Every structure is written in structure tokens, then in C-alpha cells.
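Working notes, beginning with the structure itself.
As the structure is a prediction and not an experimental result, all values here were calculated from the model. Throughout, protein chains are lettered first and strands after them, A, B, ... in sequence-line order, and every chain is numbered starting at 1.
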Amino acid sequence: MQEPGTPVSYDVHGVQEKWLPVWDQIAPFRSGRADDPRPKKYVLDMFPYPSGDLHMGHAEAYALGDVIARYWVQRGFNVMHPIAWDAFGLPAENAAIKRNSDPGEWTYENIAVQKASMRRYACSFDWDRTFNTCDPEYYKWNQWIFLQLFKKGLAYRKASAVNWCPDCQTVLANEQVVAGACERCDTIVTKKKLTQWYFKITDYADRLLDDMQSLEGQWPEKVLQMQRNWIGKSVGAEVTFEIEGRDKPVTIYTTRPDTLYGATFFVVAADSELAAELAGSSPVKAEFSKYLEEVKAISDIERLSLERPKTGIFLQRYAINPVNGEKLQIWASDYVLSDYGTGAIMAVPAHDQRDLDFAKTMDLPIRTVVESDLEDPAVTGIATPGDGKLINSGSLNGLSKSEAINKIIAELKEQKLGEAATNYRLRDWLISRQRYWGTPIPIIHCESCGEVAVPEDQLPVKLPSSAGLDLKPKGISPLAGATDWVNVACPQCGKPALRDTDTMDTFVDSSWYFLRYVSPKLEDRAFDLEAVKTWLPVDQYVGGVTHAILHLLYSRFFTKVLHDLGYLDFTEPFARLLNQGMVVMDGSAMSKSRGNLVRLSDELNVHGVDAIRLTMVFAGPPEDDVDWSDVSPAGSVKFLARAWRLSGDVTSAVGTDPSTGDLELRRATHKALHDAGFAVESFRFNVAVARIMELVNAARKAIDSGPGSNDPAVREAVEAIAIMLSLIAPYTAEEMWERLGHKPAVALAGWPTVDPSLVKVQSVTCVVQVLGKIKARLEVDPEITDAELEKMALADPAMVEALAGANIIKIITRAPKLVNVVTT
RNA sequence: GCCCCGAUAGCCCAAUGGCAGAGGCAGAGGACUUAAAAUCCUCCCAGUGUGGGUUCGACCCCCACUCGGGGCACCA
């Protein structure tokens, strides 16, 4: 039982119940009223996939995003901080198959659960701007964008060997294959020859690469690096080789045209058409077919193994080296990839390790054409890849690598035998999926007209009801079973035609959702052009590094395409990016199977929302992983209660002028406001928390053993604490604000103006050293000059003693912090 | 194999090239209490992964290495 008169203890759950309905009323984070005079800022969290309730990862990401959004609101900005749901995708479909129900049912249930959790988690989202990508009102615009790309020739269909997940029974983009396995289910990915839709992202490879310069310093270097890697630009030359007994020559790609004289054989990708053709008229045709079968049977996993010995087959055909007329054996091998460059290479074993391995295995000649200090590759088995003087290379002899490259390219060009060329690792984006729960591709296949775009006024092409459809994966889209839906009249000739039955990769949905927020309910356009001009590009994007390549690259691509189509006046969607780390447990990622799963709902029930948010923010730098076994949510509760108690101790009246208050505490308050603000702006949220903690300690001390609870400076300090805490612990902050005599919402109280004269340091401790060893400390004015300081230091008794009889060579003075005397 | 990031107290983490410690966790002691919890106060603990270098001065810059994490990888 509480004794009457004893202070009530801080009730973490009570404050949540108390303030939620009040905030619903005030809606402090509604953005974008036309008459809002505040400057604008767009703070964006990556939207969630509604796979269930929110988990610890969401809790971290949204806590960090919220600090940023709430900070800018306090700083007087009109912040748009929206949320929506990335609601198409396989988990819903798999759940529907299991439960024999509709994927939408499962999806919307989860969205409702997540939405309620976000509200309770006190995310400062603008709830007027939500949408779900699985709503026809949204995916209509996926289809519209698809059609714009189609018209521009940026969406096209081609047949090729694609990544196929036997478990998901659908194709995958290159980006969704991780180490030869399906990103989602870890099944080994196989190859399958299919006709599929692609977006021509390769047309934008150079711009995707070059425009990253403008993101330098604004995005994590790691992400930029990963994108550069993924695009994989390489500069070299294409060289044409005549083939004996073939009319047309063959072009190869090389980054080292300078080593052309070192080519001793020629290799074509085993699975290329060229290989089949060359083998077709050679005596080894049967042998080649057998080899090709073997190659196809090898999974990507095996291909990735570095130890695997080189294999191949001599096709009994010859290529002619254009620079010296040498006959080069043509081999077929799987170490040359059919879909990179031209699928054929000149092999220079002395200076390329892979070629050397092959030459050693097949006993082919090796000729050194670049001089080096290293031992002969033919002997050591180690290729010499570096720079050096060219030898055995005709007109190139004596030149350096770069000189030789320039010269040979010029010579080849003159003789129309080759030219400079660029290649990319990036492939076009395969967007077809053979599954139900996605955006239907708005194309009609007509026997006479071919691929016909669904007229824009007929959008959206709505998904047919899943009732009666077999959603089980079987390699063709479930939509093919919706007979009534599939059979339509051709929009061009009116003859019977068929709808495309594939759905789009869900990464299409997320490649432009940040544009939809500006006008989420707009019916006749994907986004309002004026509103886009107002809000975009996104000022601050927050999300996990897991999307460093896929989502961010695709979004950048879409932005550039929409820019080129005249809809956007910018070319990069996200001005600044913050990647938060993961929440792990005992050093490893949480998972049910590992038995180290921490449930967010449990943590919230025990410690309350504020303490969990604080724990996430305080754990360390945001980009580092949070190990839940290293942090102390209980400690966070203690701190919040400590801060809360301060609000009950303030005895001065609301509106008390702080200027007559205790100077020391006032300085601490203004320093904290200054430093915490700076820390937030530089994403050092953990440091910002530390500054708040310091001020809490200082206020406690002032009340207990300083000027006392009635000092105006105490009120000023505690109000500042409430406002700073409102970024991180909104319930506690609101409760403090009320106890201090204010009306809600503290979120809109505004960041107090920092008084520069209070932040200015009054005196500085100057360290006085001899040979780097501290001999004395001086309290000096921060404005002191070097000369004054030096004089003061040398006059100090300790220095006089230390320097007695010493030979002074030099005095280094860095006012106001240091004097260092160098002696012999 | 190539590229990127990191290493500071028992633990998580701070420190414009200038006194290694802001904050927290854990621990110890004390005050309050009949007692405990809660609260408040005080204290303990490293010389910055290793080896060099630059500098009057290095956690910070440079080189080499060790360990840990991540990305790319038969891309010619």
C-alpha cells in the first residue's frame, strides 16, 4: 500500500493508456496542410512487409527514424513522415495455400495488427497518408509505369536461361539469388529457359554509377561500394578474330587488349550458341554434346567452388589472331560465361590466372608478353597480372600497359578489327513472376498484333478472385487458370486474345512508393506533380542494409526513368540514407530455430514502449548491430523514472523567467540542448542520450544539494529534458510536460533556443608540458592569445623548476589548451 | 582472391591531432528503512589489437600485420 503523501511511482503502462487517445485527438504529426508555413522535410522509413506483428528489427528502425522525424518537428519543420505496407508477396500466398483462403485476407489482418502496434509504439507517422501496395488503387500505377517503360522500349520480353527456384516455383532476379540459392527459401536455384519480361536497367548503368558521386558523404560508403560492385563496370576493348572455315568473324571482349600478342588459345562459353555452331561442323560434335550436358547438370553452387578444376573440350577449330596471324585452338569451357561480354575470349595464360589454370590443365602454350620481376608463370603456375614493359608484342614492345592499350586500340580501330568497349556485370531486371499475389502485367497477347499494351483507361487490370484458383506453385502462373479473366478481346484488332498471366516482382511496388505518399488518394495520376516538387527528393531515408542493392538500385532506376519521361525534376530519390544495424541476440541473428528469438511484444509488456525505444537508441551507433544481451531495458526504465521524478520536484511556476536562475545549471542546460541537437543531426543518437542523462544528473544535484527545487534554472533544465526526451521516449516526455504544468503535446513544444553566451566556455584548463609531460595546469580565458599564454606558462613555479638549467629549443603554444616546451 | 568496415575498462560505448572517459550496464561501499525494495550519494577498473612510421605531441594520420564483421567473386 502507498502511504498517503508518498510520491506515486512511475507507471510505464499507465502513461501509454493515458496519452494515446489524447494524441489521436491532437494528431501532432499530420503534414502537408496547404497553409502550413513551416519549411518542409521528408523523413522516410522503409515500409514493412506485413508478415505478422512488428518484431525487434522494426522496433529499432522505427525508433531511429522517429528520433529524426520528431527532432525536425521540434526544430520547426513541417515533416512528412509516412508509412504504408509493402503488401504483395509470397508469404501471403503461401499462408493462403496453407489455410486454404485468400492471400488478401491474411495480408489485411497482419496490416491491422502492425498498424495497431505502430500506434502503440508511438511512431510519429502521418496516418492520413497510408496505403497498401496490394490495393488496386496502388497497383494500377505499377501497371501504368510498366506501360510507360514498355512504350519507351525499356520493358521487353526475351527468352533466356533464367534463375528458377524449384521450391517457390518461380523465376528470380539475379539480385534474388544469393550464393546460388534462393534468397527467400535457400533452395538451390536452377536454370530454366523461359520467355520473361525484363526492365532495361542496363541502359542506365552508367548513370546509376556516375550519379553516385552526388550521394558521396550522404549515403553510407558501404552501400555505394556495394552498388558499384553490383554494376561492375569494366573498361576494355572488343577485338575481332577470323575463324577458319566460318564466314563471319567472332568478337571477343578483353580488359587487356595490350596482351593480344600473348593470346595462345581461344575459348567460347560452352552453353553459348557459338559453341554449338562451331561444334556442329566438327568431328567432336558428339563429345561436345556430352560435355554440354555435364555443364548443364552442374549447379551454380558447384560452379562457385573455386577449387573446381577447369574443364573444356577442344572443338578442332581455329581462330586467327588478328595481330600476328597465329592459329589459335578454339575450346569450349564453362569458365567462360555466355551472358557476359560476347561469350568468347582470347586466352592469355601468362597474365590471367583462369586462362593459366586452363592452359596447365589442357597442356596449352603459355607466352609471356608483359615483363615483370616475378617468376615465369609457365613454371610457377601463377599468372603475372600487373603492369610492366611489353615484350614479344611487335609494335607494342617497350610500351607500358596503358600506352600499349591505347596504341593497340588505335591500331585495331584503323584496321576495323576492334575498338574500345565497356561491359557491366549488371543484367537487365527480370520482373516476371509465376505467382498469384502480385501486380498483373498489363499486356495482352494477340496472335496478329503481338504484345499489346492494355489501354491506360482500362487500368487497373485487377487480379481475378483467388476463389477457385489453384495457388499451389506449379511453374505456370495461377492466373492462367482464371479462364474468364485470361480470355479477352485484343484492344487493337478485337480478335480473341490472352492476357499475360505473370505478375510483377514486388520490387516494382517499392521502387516508387515514396512518390505515392505525396498524394496517396489521388485517382487520376500516380502522384501529384506539384506535391512531388514540394516534398521530393526524400531528405532522410532510414532502413536496413539488407536493401543496399536491390531496392535502392531499382528505386534509383525508376527515378531516372520517370525523370526522363518528364515527371520528375530530380534524378536521385534519396538525398541522405541511414542504415541501421540489426537486432541480434548473443552475437547472432535472432531466429526461432536458433532458439534466441526475443519477442518485441514481450519486451514491451515488461518494460514499456519508451524503455524499448530508449534502449534501441542508446545501444550504440545506429549502424551497429544491437545485441540484446548487451543492453539493459531495465536500466532504461530506471533512467526514465529518474527523469520523470524531476518533473514532480519542480516547484517554480509555469512561465518562470529562467534568466535569474542558477548559472551553472543554466549552462549545463544550454550545453545539453546544443550538443544533443548536434548529435542527433550527425546520427550520434547514443551520444544525444548521454547528454540528456548528464543534464538529468545535473538537475537532480541542483534540486538535492544545489540551488533547490524552486530555482528557475531547475524548471528550465527539466523542461529541456522533457523536450529532448520527446524524441525518444514520447510517453514519459508528455507525462513530464503535464506535470510541469503544460498542455500537450510536448512533441510540438519546439526546441528551446540555445543562448550562445551560456554555451560559451568560461575558462579552459590549459595543459603545460615539457617534452609532452604535464608539469602544470592553468585555468585560462578561452580567448587568451598565444603570447599571453606562453608568458603565463613559463612563469608558473612548476615550470620554472622543471626548466631550471634546461636548454629550450622550441615552445609550441596552442591557445587556449596547450603549451609544450621542447628542450634538449 | 579482391574491396569495405571495425578493434578503447568485466561489458556496451564517448573522446575538431592536445589531460584517454561523456553516458550506461555489471560490481563494491555508504545514506534512508525495523527490514527489504525503490531512491540518493561515493567508489573501483583500461592507457586505446600487434609492429613500425610521421609529429613537439597519435585512440585519431601513414605503412605492414592479427583478429572479427560485411560485400563481390571463373565478369576475361
Taking only side-chain N and O atoms of A:Ser234, does any of them lie within less than 4.0 angstrom of OP1 or OP2 on B:rA76?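 Looking at the OP1 and OP2 atoms of B:rA76, one of them is under 4.0 Å from a side-chain N or O of A:Ser234.
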Can you see if the side chain of A:Tyr335 gets near the phosphate of B:rA76 - specifically, an N or O under 4.0 Å from OP1 or OP2?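 No.
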[N] to [M] separation - [atom1] atoms, rounded to the nearest Å:
| N | M | atom1 | result |
| --- | --- | --- | --- |
| B:rG52 | B:rA58 | P | 14 Å |
| B:rC13 | B:rG6 | P | 13 Å |
| B:rC62 | B:rC3 | P | 16 Å |
| B:rA7 | B:rA15 | P | 11 Å |
| B:rU66 | B:rG10 | C1' | 23 Å |
| B:rA9 | B:rA14 | C1' | 13 Å |
| B:rG68 | B:rU8 | P | 15 Å |

What's the closest nucleotide to the [X] side chain, out of [options]?
| X | options | result |
| --- | --- | --- |
| A:Thr255 | B:rA76, B:rG71, B:rA73 | B:rA76 |
| A:Trp230 | B:rA76, B:rC4, B:rC72 | B:rC72 |
| A:Gln225 | B:rC3, B:rG23, B:rC25 | B:rC3 |
| A:Asp352 | B:rU39, B:rG71, B:rA76 | B:rA76 |
| A:Lys638 | B:rG24, B:rC25, B:rC74 | B:rC25 |

Please check if any side-chain donor atom of [X] sits under 3.5 Å from a side-chain acceptor atom of [Y], or the reverse.
| X | Y | result |
| --- | --- | --- |
| A:Gln353 | A:Asp357 | yes |
| A:Thr311 | A:Tyr291 | yes |
| A:Asn229 | A:Arg425 | no |
| A:Tyr261 | A:Asn321 | no |

Under 3.5 Å between N/O atoms: give me all the protein pairs with nucleotides 10-14 of chain B, atom names plus distance.
from   : atom 1 : to       : atom 2 : distance (Å)
B:rC12 : O2'    : A:Ala619 : O      : 3.0
B:rC13 : O3'    : A:Asn686 : ND2    : 3.3
B:rA14 : OP1    : A:Asn686 : ND2    : 3.4

Set out, line by line, the N/O atom pairs under 3.5 Å between protein and nucleotides 27-32 of chain B.
none

Result of checking A:Leu215, A:Val545, A:Leu577 against A:Pro220 for side chain to side chain contact (heavy atoms under 4.5 Å, CB included):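 Answer after filtering A:Leu215, A:Val545, A:Leu577: A:Leu577.
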Every protein N/O lying under 3.5 Å from an N/O of nucleotides 40-42 of chain B:
from   : atom 1 : to       : atom 2 : distance (Å)
B:rC40 : OP1    : A:Arg642 : NH1    : 2.6
B:rC40 : OP1    : A:Arg645 : NH2    : 3.2

Taking NZ, NE, NH1 and NH2 as the nitrogens, is one of them in [X] or [Y] under 4.0 Å from a carboxylate oxygen of the other?
| X | Y | value |
| --- | --- | --- |
| A:Asp704 | A:Arg700 | yes |
| A:Asp339 | A:Arg427 | yes |
| A:Arg228 | A:Glu216 | yes |
| A:Arg667 | A:Glu664 | no |

Which distance, rounded to the nearest 0.5 Å, do you find between the CZ of A:Arg645 and the CG of A:Asp649?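 Going from CZ on A:Arg645 over to CG on A:Asp649, the span is 8.5 Å.
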Reported CG-to-OG distance for the pair A:Leu725 and A:Ser647, which is rounded to 0.5 angstrom: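 A:Leu725 CG to A:Ser647 OG: 10.5 Å, rounded to 0.5 Å.
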Can you say whether the rings of A:Tyr10 and A:Trp644 are parallel (under 30°), tilted (30 to 60°) or perpendicular (over 60°)?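 Ring orientation, 0 to 90° scale: tilted.
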Hey, is B:rG24 sitting syn or anti, using the within-90° cutoff around 0?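 Anti, since the glycosidic angle lies more than 90° from 0.
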Pair partner, B:rC67 [Watson-Crick or wobble, under 3.5 Å]: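 Paired with B:rG6.
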